[in-house]
Amino acid sequence: MDLRIKSFDEYKEKYKQSVDNPDGFWDQIARSFIWRMPYHTVCEWNFEQPDVKWFLGGKLNITENCLDRHLEQRGNKLALIWEPNDPKERFVRWTYRELYEKVCEFANALKAQGIQKGDRVVVYMPMIPELTVAVLACARIGAVHSVVFAGFSAMAIADRVNDAQAKMIITADGLNRGAKQVPLKRVVDEALTHCSSVNKVIVYNCLDWSPNMAPGRDLWWHDAVNGMAKECPAEEMDSEDMLFILYTSGSTGKPKGVVHTHGGYMVYTAYTFQNVFQYEESDIYWCTADVGWITGHSYIVYGPLLSGATTLMFEGVPTWPDPGRFWQVCDKHSVNQFYTAPTAIRALMACGDDHVLSYSLDSIKVLGTVGEPINVEAWRWYHIHVGKERCPIVDTWWQTETGGIMISGLGNLSPMNPAHAGYPLPGIQPVLLDQEGNEIVENGVEGYLCIKHPWPSILRTTYGDHERCRVTYFSHYQGHYFTGDGAKRDENGMYRIIGRVDDVINVSGHRFGTAEIENAINSNKIAVESAVVGYPHDIKGQGIYAYVVCENIPEDQEVARAEIIETVVEHIGKIAKPEKIQFVSGLPKTRSGKIMRRILRKVAEGEPDKLGDTSTLLDPQIVEEIVSGAL
Ligand code: WTA
């Protein structure tokens with residue numbers, strides 16, 4: 001099932017076909033997968049309700065396409081390489097047959113524990129191969145996985161478990177991250193004091209830590225799989241049955257559960273994986289993301305395995321034991337495609353060139369980035385020192401909600417322009433809209449980035465709250481999916497993503513809603529009210545700047561700051577720690593009580609001379625206080 005486009009001219013041709021006849025275009029691609037029963041209709045949709053369905057009537061199981069169908073020809077091919085946190089520890093290599101057997105075995109264990117089709121299972125695990133097994137085993141029996149990134153706090157887990165009404169959590173005693181170890185089971189135990197839907201917890205023994213095991217509720221992974229058969233027939237799923245829920249932050253306080261389904265997600269992730277990375281049969285592909293984010297779902301697990309690729313999974317961090325770790329792993333496993341985040345590139349760039357120059361990196365053919373805009377300086381460093389000026393860089397723009405890559409170069413086929421994501425993939429019809437929602441058709445313009453036709457892996461709903469899905473993505477501009485990003489289109493029609501235009505902050509490629517962090521801060525008794533904005537940060541892309549209103553400005557501000565940070569860590573996790581906290585006696589508000597975030601952003605950005613008009617404020621004096629106390 002080679003789905004690859006092989007030249008830029010072919011791309012242009014395919015793109016045109018995909019716009020002229022989207023159904024015919026996707027039908028051709030979808031046919032190459034295994035369907036238990038063929039679909040009768042390619043797509044039915046409206047963006048008003050919204051109601052989008054792909055491959056209607058089709059019956060399949062995505063894991064049959066990831067595993068079973070490769071067994072004959074690729075049974076002995078490596079499916080997964082796992083590189084541990086500690087370079088002195090042994091790595092793991094599983095063939096497609098081995099992965100198949102492990103998934104079946106664990107799928108049988110899930111069934112034995114009472115998990116059935118449609119049940120939700122939360123996965124809170126380290127970046128170990130069993131995480132991939134857990135995810136695929138859920139999909140195999142038709143259970144809905146919801147992976148929660150292992151950096152989230154107990155309260156964040158509880159919110160997600162409760163929203164999804166999950167029946168089970170799969171976790172581990174703890175995880176390794178660089179020189180540190182983190183106790184996962186303890187966090188899960190704490191979360192479970194707030195959840196009533198969970199009746200089973202399966203624990204993988206990663207660190208030999210002997211955590212507390214609640215009798216009747218908790219059981220070890222190795223006991224759960226003991227005696228289980230290594231064959232497990234895949235559950236027959238409808239194309240539109242739910243495959244997974246992945247929670248992501250939006251502009252309101254509560255994270256939303258983005259829902260993806262079996263059929264469309266399968267077709268789109270495989271198609272984009274092969275084309276963007278120009279994956280060839282014997283290549284070794286490495287994406288450094290965590291499976292807890294959409295990038296890991298689509299481009300560590302599903303896209304590569306659907307394509308019969310060898311996918312590398314890494315447990316550790318880029319800077320441990322030293323900042324050459326990524327490059328050492330690339331050389332060690334002869335990695336051909338390397339996909340990472342701009343924040344990692346900037347962090348490594350700051351550690352000096354020596355760490356990268358001591359590795360050959362000969363095997364690399366394609367480099368990729370994802371998660372946030374890449375600045376030209378980081379792009380050049382990546383291009384020169386990692387790609388040795390011979391490898392293309394694919395700057396891939398997409399979102400949790402889009403399921404797969406939307407705008408990007410295709411390996412070495414497409415023209416490159418630093419910091420530009422480039423051209424839309426076939427099947428993707430981006431448009432730029434102005435304030436009033438009119439389409440700006442010419443080039444050399446800037447606007448709100450929207451998509452005007454569905455693609456197979458567009459989100460179907462937000463779990464348990466369809467209205468929220470409609471309001472967030474489909475109500476701003478009628479007949480369009482609104483991305484929340486602003487973008488430019490240059491004279492050649494290439495897209496450059498500018499960043500979020502809503503109240504979402506992108507810290508090291510991780511999304512947080514400002515309201516989500518404000519809610520956490522406000523739960524601390526020090527805070528009367530708060531406002532959170534992003535500001536430019538050299539390594540993280542954006543840092544979190546919090547303005548905290550107090551009745552009396554605390555005498556010991558350091559202690560108060562530490563307390564606020566602690567509260568945020570408790571509610572969300574360490575990844576959401578505010579970098580700067582300024583205590584203030586009030587916030588700039590309009591007469592109708594709306595916080596003027598524009599002003600707060602300018603102060604945080606260090607541009608207090610560019611505040612613009614402040615005459616409509618209720619209390620203009622507060623601005624002086626904020627400017628003079630800026631951090
Ligand atoms: C941003 C990550 C610029 C963007 C796959 C988007 C990017 C949000 C890029 C989605 C890119 C992602 N260039 N910005 N190549 N890729 N973004 O849901 O603001 O974690 O809306 O999905 O990240 O983040 P999410």
So, do [X] and [Y] sit near enough that their side-chain heavy atoms are less than 4.5 Å apart?
X	Y	answer
Glu240	Leu56	no
Ile245	Tyr247	yes
His537	Glu579	yes
Val394	Leu367	no
Met1	Phe33	yes
Ile5	Leu410	yes
Arg511	Ile505	no
Ile428	Leu425	yes

Check your understanding: Checking side-chain contact (heavy atoms from CB on, under 4.5 Å) for the pair Lys589/Leu617: CA distance, chi angles, key distance, verdict?
Key -> CA-CA 6 Å; Lys589 289 189 180 173; Leu617 288 177; 5.6 Å; no
So, [X] versus [Y]: side-chain donor-acceptor pair below 3.5 Å or not?
X	Y	value
Trp397	Asp485	yes
Asn46	Gln49	yes
Ser307	Gln274	yes
Gln278	Asn412	no
Arg346	Asn375	yes
Tyr339	Thr396	yes
Asp163	Tyr463	no
His262	Ser239	no
Tyr473	Thr462	no
Arg489	Tyr495	yes

Roughly how far, to the nearest 0.5 Å, is the [atom2] atom of [Y] from the [atom1] atom of [X]?
X	Y	atom1	atom2	result
Ile458	Ile451	CD1	CD1	8.5 Å
His571	Asn522	NE2	CG	10.0 Å
Ser457	Ile405	OG	CD1	10.0 Å
Glu529	Ile521	CD	CD1	11.5 Å
Glu401	Thr248	CD	OG1	5.5 Å
Ile440	Tyr448	CD1	OH	9.5 Å

When you check the gap from the basic side-chain N to the acidic O, do [X] and [Y] get nearer than 4.0 Å?
X	Y	value
Lys6	Glu13	no
Lys602	Glu605	yes
Arg601	Asp503	yes
Glu48	Arg470	no
Lys53	Asp51	yes
Lys452	Glu439	yes

If only atom types and distance count, is the side chain of [X] paired as donor or acceptor with the main-chain N or O of [Y] below 3.5 Å?
X	Y	result
Asp241	Asp238	yes
Thr402	Trp398	no
Ser298	Gly403	yes
Asp20	Gln17	no
His480	Leu449	no

Practice item. Please indicate whether Glu377 has more than 12 foreign heavy atoms, meaning atoms of other residues, nucleotides or ligands, lying under 6.0 Å from its CD. Key: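 12 or below, so no.
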Check your understanding: Do other residues, nucleotides or ligands put more than 12 heavy atoms under 6.0 Å from the CG atom of Asn438?
Key ->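 Yes, enclosed.
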Ring-ring centroid check [X] [Y], cutoff 6.0 Å:
X	Y	value
Phe474	Phe47	yes
Tyr39	Trp54	no
Trp455	Tyr481	yes
Phe326	Trp286	yes
Phe273	Tyr271	no

Check your understanding: Under the side-chain hydrogen bond (donor to acceptor under 3.5 Å, both in side chains) criterion, do Ser249 and Glu516 qualify, and how do the steps go?
Key -> CA-CA 8 Å; Ser249 297; Glu516 190 183 356; 2.6 Å; yes
Exercise for review: Please name the pair of heavy atoms, one in Leu618 and one in Thr590, separated by the smallest distance, quoted to 0.1 Å.
Suggested key: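 Smallest interatomic distance, heavy atoms only, reads CB-O, 4.2 Å.
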Exercise for review: Determine, step by step, whether Glu467 and Lys256 satisfy the salt bridge (Lys or Arg N to Asp or Glu O under 4.0 Å) criterion, reporting the C-alpha distance in whole Å, the side-chain angles of both residues, the deciding distance to 0.1 Å, and the verdict.
Suggested key: CA-CA 12 Å; Glu467 178 61 5; Lys256 42 187 181 271; over 6 Å; no
Check your understanding: Can you list the steps and then say if Val445 with Lys488 is a side-chain contact (heavy atoms from CB on, under 4.5 Å)?
Key -> CA-CA 6 Å; Val445 292; Lys488 290 184 180 178; over 6 Å; no
Review point. Does the pair Lys577 and Val568 meet the rule for a side-chain contact (heavy atoms from CB on, under 4.5 Å), with working shown?
Key: CA-CA 6 Å; Lys577 267 192 204 171; Val568 174; 5.8 Å; no
Check your understanding: Given Trp379 and Tyr382, is the side-chain contact (heavy atoms from CB on, under 4.5 Å) satisfied, shown in steps?
Key -> CA-CA 5 Å; Trp379 192 97; Tyr382 198 35; 5.7 Å; no
Exercise for review: With sequence neighbours left out, write down each residue that passes ring pair (Phe, Tyr, Trp, His ring centres under 6.0 Å) with Phe244, or none if nothing qualifies.
Suggested key: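 Residues passing ring pair (Phe, Tyr, Trp, His ring centres under 6.0 Å) with Phe244: His145, His260, Tyr265, His297.
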Check your understanding: Relative to each other, are the rings of Tyr11 and Tyr15 parallel, tilted or perpendicular (30° and 60° limits)?
Key ->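 Tilted: the ring planes of Tyr11 and Tyr15 meet at 30° to 60°.
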**Study point:** Trp26 vs Phe55, ring-ring contact (aromatic ring centres under 6.0 Å, His included): CA-CA, chis, key distance, verdict
**Key:** CA-CA 9 Å; Trp26 288 113; Phe55 311 116; 7.7 Å; no
Practice item. For a side chain to side chain contact (heavy atoms under 4.5 Å, CB included) with Gln542, tell me which candidate from Val504, Asn506, Thr343 qualifies. Key: Asn506
Check your understanding: What do the steps show when you test Glu491 against Arg496 for salt bridge (Lys or Arg N to Asp or Glu O under 4.0 Å), and what is the final call?
Key -> CA-CA 11 Å; Glu491 294 302 338; Arg496 175 178 194 155; over 6 Å; no
Check your understanding: Cationic tip of Lys580 within the cone over Tyr535's six-membered ring, i.e. under 6.0 Å and within 45° of the normal?
Key ->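 Satisfied, under 6.0 Å and within 45°.
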